[in-house]
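Taking it in order: structure first as structure tokens, then the write-up.
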Number of protein chains: 4
Amino acid sequence: MTKTLNVALIGGGFMGKAHAMAYAAMPMFFWPAPAIPHRKVVVDLTDLAAQEARDRFGFDEASTDWKAIVNRSDIDIVDICTPNDAHAEIAIEALKAGKHVICEKPLASTLEESIAMAEAARASNGTTMVAFNYRRTPAVALAKKFIDEGRIGDVINFRGTYLQDWSADPDGPLSWRFQKKIAGSGAIGDIGTHVIDLAHHLVGPIDNVQAITSTYIKTRPIQQGGVDKLGASEKSSDAERAEVDVDDEVISMVRFKSGAVGSIEASRNAWGRNNFITLEIHGTKGSILFNYERRDELQVMFADDPGDARGFRTIYTGPAHPYGEGLWPIPALGIGYSETKIIECYDFCKAIMDGTQPSPNFEEALLTEQVAEALIRSGKTGLWENI
Amino acid sequence: MTKTLNVALIGGGFMGKAHAMAYAAMPMFFWPAPAIPHRKVVVDLTDLAAQEARDRFGFDEASTDWKAIVNRSDIDIVDICTPNDAHAEIAIEALKAGKHVICEKPLASTLEESIAMAEAARASNGTTMVAFNYRRTPAVALAKKFIDEGRIGDVINFRGTYLQDWSADPDGPLSWRFQKKIAGSGAIGDIGTHVIDLAHHLVGPIDNVQAITSTYIKTRPIQQGGVDKLGASEKSSDAERAEVDVDDEVISMVRFKSGAVGSIEASRNAWGRNNFITLEIHGTKGSILFNYERRDELQVMFADDPGDARGFRTIYTGPAHPYGEGLWPIPALGIGYSETKIIECYDFCKAIMDGTQPSPNFEEALLTEQVAEALIRSGKTGLWENI
Amino acid sequence: MTKTLNVALIGGGFMGKAHAMAYAAMPMFFWPAPAIPHRKVVVDLTDLAAQEARDRFGFDEASTDWKAIVNRSDIDIVDICTPNDAHAEIAIEALKAGKHVICEKPLASTLEESIAMAEAARASNGTTMVAFNYRRTPAVALAKKFIDEGRIGDVINFRGTYLQDWSADPDGPLSWRFQKKIAGSGAIGDIGTHVIDLAHHLVGPIDNVQAITSTYIKTRPIQQGGVDKLGASEKSSDAERAEVDVDDEVISMVRFKSGAVGSIEASRNAWGRNNFITLEIHGTKGSILFNYERRDELQVMFADDPGDARGFRTIYTGPAHPYGEGLWPIPALGIGYSETKIIECYDFCKAIMDGTQPSPNFEEALLTEQVAEALIRSGKTGLWENI
Amino acid sequence: MTKTLNVALIGGGFMGKAHAMAYAAMPMFFWPAPAIPHRKVVVDLTDLAAQEARDRFGFDEASTDWKAIVNRSDIDIVDICTPNDAHAEIAIEALKAGKHVICEKPLASTLEESIAMAEAARASNGTTMVAFNYRRTPAVALAKKFIDEGRIGDVINFRGTYLQDWSADPDGPLSWRFQKKIAGSGAIGDIGTHVIDLAHHLVGPIDNVQAITSTYIKTRPIQQGGVDKLGASEKSSDAERAEVDVDDEVISMVRFKSGAVGSIEASRNAWGRNNFITLEIHGTKGSILFNYERRDELQVMFADDPGDARGFRTIYTGPAHPYGEGLWPIPALGIGYSETKIIECYDFCKAIMDGTQPSPNFEEALLTEQVAEALIRSGKTGLWENI
């Protein structure tokens with residue numbers, strides 16, 4: 001009989017919702033499932049918030065005491081969906097308690113914490129994972145397959161962007177995402193790390209970087225109430241304002257250990273871009289394009305196609321592609337954010353049951369944090385910074 | 001406290017999965033939820049299939065006796081995900097038993113059955129709904145809003161298509177979808193009804209139609225095993241073949257009661273098209289475009305925009321648009337098939353709790369069947385056929 | 001030495017400009033050129049207009065007497081760019097005088113005239129051509145090549161549209177294009193014939209049709225001055241108005257002699273569409289898409305591509321494709337309206353020098369007129385009309 | 001009466017063709033024309049080449065002695081379409097002779113030559129222009145208009161690319177474009193300068209740059225015959241090879257004097273990209289996108305659009321946009337490479353007649369060369385390099 005894995009979810013916000021949905025839906029999609037996740041306890045800051053999360057997300061119990069919960073013997077998985085500055089303490093405690101830990105990205109709010117988390121993972125028997133869900137988009141998984149099979153030759157150039165506009169309005173609130181002491185960094189950690197993760201996944205380790213970092217909006221209205229509503233937040237032009245001490249944007253050039261070069265850009269101030277994660281990858285025998293805003297599609301060009309029929313193929317992912325057995329039986333029925341999170345849950349549970357470490361685990365995610373930190377450093381020094 | 005609605009799901013295939021996921025996820029998205037659906041019993045043809053569906057989809061119980069189940073007093077919702085020829089009998093029995101009934105599209109496999117279902121709905125206190133989920137895509141809901149607000153003026157022309165290619169291969173198996181006695185019709189009922197539903201939703205009732213119907217692949221390999229796998233099915237070129245007695249494709253012209261004209265096309269033999277549901281709607285003051293393959297986007301053109309800045313706007317749906325409060329906090333995080341079914345579940349549960357009839361209910365869906373039947377008729381007579 | 005062909009251009013408006021440019025540019029592009037066209041005489045209604053056209057378009061002489069000009073012994077080519085109702089008289093006179101004749105589309109303003117023109121062509125030794133330039137877009141020529149080579153199998157479905165919005169504004173002037181006595185018909189003749197021509201070119205003769213024709217704007221401001229400025233015309237809401245007696249839009253279904261079916265739509269009232277000539281062609285082994293608004297591109301899907309790499313290829317036409325030797329040395333340098341007209345000029349001159357009839361010549365274009373006339377007829381009868 | 005300007009064209013290759021066409025067509029498009037260019041003499045290396053160019057491009061005379069020609073009193077315009085290393089000598093001689101000079105880009109093959117050319121221009125009364133035609137694409141001109149009018153606020157980020165793949169094949173011939181002594185640089189001068197020119201045009205002067213330059217293909221087959229055929233060249237895998245001493249690709253970050261930041265990328269090794277000149281420009285109140293491969297279109301997003309109707313507008317340029325009075329009367333009839341060159345010719349002739357200096361003239365183009373040279377320098381030093 002399929003094993004049950006009891007989950008403790010720490011943090012009942014936007015990401016808690018996404019993870020809770022995935023626990024419920026994963027076995028419906030990937031069957032036979034590697035395990036059946038059971039929504040056991042959800043933890044939030046107040047009783048009210050925790051109880052609401054319990055009812056809303058279908059957990060058995062609610063709690064405000066994460067430390068007690070992560071040490072309970074009936075918990076298998078600790079799932080960390082808090083703001084960044086709480087990741088390290090919870091994750092390390094959970095790993096010490098022998099739990100499997102999945103943590104939302106970025107790994108932590110400081111490089112020191114990230115290092116400590118990676119060390120704790122190494123010292124533990126638990127399976128760890130960082131929730132860089134975009135690399136699990138089927139179209140990205142297909143890109144990975146094409147690259148690994150050599151179908152575009154050797155990668156020579158990688159260009160990745162993550163552009164949003166939800167914070168382009170100067171009257172958007174100063175949520176925790178704009179505060180260094182909680183978030184660690186701005187666009188770099190929040191969304192840039194997704195692109196770094198994709199670069200590592202598809203091209204391999206980054207060796208050194210050069211960056212320009214910018215903060216366009218120097219102050220923002222102090223947020224009323226604690227909830228981070230991202231693009232759904234109210235704009236308030238007459239509220240008291242406080243300083244933004246993180247970056248709005250990073251543009252950069254990168255060199256990979258493989259010899260490939262490239263560029264990475266992340267901005268939350270790019271009017272008209274919503275969740276514009278794009279990849280353009282040139283190889284010696286072809287190219288690959290991806291745009292998450294049209295995430296059902298991968299575009300690939302093979303240089304050895306006949307001269308009169310050569311061009312980017314727009315492939316809609318489906319049963320013939322990675323994860324196709326678990327998703328929908330016809331391409332373009334539609335991959336949404338839900339589906340990416342369901343796949344992530346599947347890979348995590350599978351790794352737990354197989355006793356392996358999925359990718360990216362804490363150690364791999366540490367590399368991503370090191371690149372992020374080098375970008376910040378280069379933004380200050382104006383020099384190439386090594387990882 | 002939020003009321004719980006106990007669900008009996010009849011049919012544990014592709015659609016059963018989609019509905020089960022929606023029951024689990026709906027309150028996570030739309031909170032406070034109108035009600036909490038509880039996955040009580042799943043029914044399938046064999047014990048084995050039913051038990052597997054129970055474990056996979058998270059139901060309390062499994063059964064093979066739908067009649068007993070739909071008459072149980074602890075069941076609130078009967079959800080019909082069987083092949084088309086079983087819809088009527090189950091739905092009518094469930095309505096007689098006082099249940100709320102949601103039924104997959106098309107309403108039934110014959111017009112007679114559809115009429116009987118609509119009559120049973122009228123005679124019942126239950127809430128009914130037919131699962132035309134595409135009209136609940138946020139971008140389609142936004143199109144509806146723009147039209148209702150007069151922002152493109154009066155609609156003069158509607159063009160809708162639903163093109164797929166999963167059955168373009170002559171060696172794809174003869175599943176129930178190619179058998180008239182089970183499916184009723186081919187592309188017309190299977191996918192064409194979605195376009196008719198969208199036309200009714202956005203422009204109003206269709207008055208008469210002219211159609212060409214085609215069956216391109218006259219025989220197909222007899223399917224081994226009973227499961228319909230759509231695009232994931234194996235192709236077999238050496239199996240014994242039997243006749244296809246439904247349409248592969250319909251192209252048509254339509255006249256609406258409003259005076260608008262248009263065209264509707266559905267094909268499962270359109271190589272390269274996957275789930276290509278498109279709308280092009282011309283009004284006296286603007287136009288609307290939609291393509292489900294890029295379903296996060298609605299395109300709208302307003303004729304009164306300044307001359308130098310006039311063109312289709314590509315709007316990514318998000319918090320500022322219909323259903324935005326329940327979905328994701330940033331546009332283009334991604335609407336997938338999952339999200340459309342979660343919205344459908346929300347609207348159905350809300351209607352139950354409000355004591356209203358959602359759209360399309362059985363009566364409205366009967367109109368759609370009448371159009372489908374007129375298309376088939378016109379395909380034979382070559383004449384304009386009235387609804 | 002390359003032969004010179006002396007040209008008499010009748011009509012110095014929008015189309016005169018396009019043709020004059022093509023005569024000048026053709027040998028620059030296609031070299032060695034089949035012949036060197038020499039801009040000898042341009043004819044317009046008034047001395048002033050003719051002299052301006054002479055200076056502007058680089059002709060040696062100006063005239064207002066087309067009849068004298070087409071009978072001059074030093075003229076080789078008569079090029080007819082007048083409104084539709086003058087085509088027949090000029091063309092027949094020119095053919096009788098032994099000239100080669102190129103005529104703007106549609107062939108004429110009535111079917112009777114078209115028949116007379118085809119007869120005159122048959123009785124003459126001249127080369128005739130009708131300026132359906134869109135079939136000469138390199139991407140369309142590539143589509144033709146793919147179809148002829150069987151690369152998408154047998155064509156089963158053809159869908160063609162030509163949508164514009166330059167006349168969607170009710171205050172756009174009543175130019176000759178809205179007057180039956182001059183234009184013959186509205187959208188059908190003006191732009192629908194282009195789609196019929198493309199259908200004939202790519203799929204073969206149309207057998208019968210069913211149509212809905214609509215006139216949305218019943219009256220328009222009487223035009224001040226005689227020049228037809230299309231999308232550049234001034235709108236006037238307070239001018240005196242007169243009746244429009246032609247169609248604004250046609251939607252239709254068609255059956256080809258080959259057994260293929262399809263649909264054709266033309267509208268000048270489709271807000272947001274500019275010169276939206278689209279083709280969607282389904283074959284038994286693949287599909288082809290084309291959109292003139294992105295005319296450098298042809299999209300083609302081959303069903304026998306490997307399952308994980310199947311999808312529409314977006315091919316940018318260039319040196320590897322039809323007419324590539326004469327155009328630009330890199331794809332996407334750019335095909336504009338100019339380039340389509342230069343190709344047309346090349347094919348016409350080549351046919352003259354080879355002593356062949358290019359396609360479409362007057363006889364072939366007559367078939368297009370017959371389909372156009374059947375569409376108008378069907379719009380009235382509501383019946384399938386044979387060609 | 002409209003003045004005639006006699007043209008001496010130096011160089012009868014790909015660019016000679018484009019310019020000759022523009023001289024013939026310009027007055028047909030822009031009427032009344034500022035002047036009528038007359039194709040007087042064409043100069044090429046051999047008698048044969050020059051005479052062929054004369055016949056093909058419609059010049060009165062052929063010559064092999066550029067120095068004699070540019071000193072002839074009946075020549076008004078000297079048009080330089082030679083390889084880069086001949087630009088300076090010809091231009092300076094022509095300017096000394098009091099001619100108006102238009103020169104193909106880049107300005108020269110060395111910075112020293114560029115400086116000398118700018119000085120010669122300053123010392124002369126002639127009008128100078130460098131043929132950066134892409135900034136004259138109507139959609140780019142519209143972008144300029146929107147920026148100048150403040151409609152996207154202050155520009156904060158500019159991202160420009162020019163990607164091609166015609167030299168991605170290692171067996172493409174070693175034309176002059178791969179030889180430093182003739183071309184000066186590789187992708188940087190050939191296509192990167194176009195992007196720098198666009199950046200200067202739209203955002204203003206660049207202040208400093210950081211670059212990675214790469215040469216992917218170290219040797220190429222020695223070219224048989226002297227003609228540069230770009231994408232139409234034959235590939236030869238068994239020919240003798242020689243060294244490539246220029247860059248295949250540059251990626252870079254840039255800072256503008258205005259405070260804006262950005263990135264510029266140019267590659268001739270990007271498989272699948274043809275003439276992929278793209279712009280993404282973020283402002284404080286909106287954004288602009290452009291892709292030359294779909295050059296009829298400009299995309300613009302205005303942040304102050306209503307929340308439910310906000311998104312990029314795809315504007316097809318036409319009569320309502322810059323240069324619209326001279327081009328085609330309906331948007332999307334089509335802008336090709338021809339049309340961009342016709343506009344360039346118009347602006348040059350207009351400046352001559354007005355006695356003004358068009359943009360970019362030699363002095364402005366020198367700034368572009370300085371940026372190009374800083375990119376090359378930074379590629380070696382790994383440091384930020386000032387202009």
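First the proteins, then the strands, lettered A, B, ... as listed; each starts at 1.
For A:Pro329, the parts lying near chain B are the backbone and the side chain together; criterion is any non-hydrogen pair under 4.5 Å. Both the backbone and the side chain of B:Asp55 come within less than 4.5 Å of a heavy atom of chain A.
Listed for the A:Arg220 side chain is a donor-acceptor partner under 3.5 Å among the backbone atoms of A:Ser167.
Chain A forms more heavy-atom pairs under 4.5 Å with one residue of B:Ala25, B:Ala232, B:Pro331 than with any other, namely B:Pro331. For the set A:Gly231, A:Gly324, A:Ala332, the entry with the most heavy-atom pairs within less than 4.5 Å of chain B is A:Ala332. Comparing A:Gly16, A:Gly336, A:Ala24 by heavy-atom pairs within less than 4.5 Å of chain B, the highest count is held by A:Gly336. If you tally non-hydrogen atom pairs under 4.5 Å between each of B:Ile330, B:Ile342, B:Ile277, B:Leu333 and chain A, the highest count goes to B:Leu333. Heavy-atom pairs under 4.5 Å with chain A peak, among B:Arg294, B:Lys229, B:Met21, B:Glu52, at B:Arg294.
Scored by the side-chain contact (heavy atoms from CB on, under 4.5 Å) test, A:Ala320 finds no partners at all (sequence neighbours excluded). Residues meeting the side chain to side chain donor-acceptor pair (under 3.5 Å) test with B:Tyr316, sequence neighbours left out: A:Glu293, B:Glu297. For B:Trp271, the side chain to side chain donor-acceptor pair (under 3.5 Å) criterion is met by no residue, not counting sequence neighbours.
Here the straight-line distance linking atom NZ of A:Lys17 with atom CH2 of B:Trp328 works out to 5.5 Å at 0.5 Å rounding.
Listed by sequence position, A:Pro27, A:Met28, A:Phe29, A:Trp31, A:Ile36, A:Arg39 are the residues of residues 26-40 of chain A in contact with chain B, using a 4.5 angstrom heavy-atom cutoff.
Residues A:Thr137 and A:Phe290 have side chains in contact (heavy-atom distance under 4.5 Å, counting atoms from C-beta outward). Taking 4.5 Å as the limit, some side-chain heavy atom of B:Phe178 sits within range of a side-chain heavy atom of B:Asp248.
A:Val42 approaches A:Arg54 most closely through the heavy-atom pair CG1-N, 3.4 Å.
Contact check on B:Asp190 versus B:Arg268 returns a salt bridge, with a Lys/Arg side-chain nitrogen under 4.0 Å from an Asp/Glu carboxylate oxygen.
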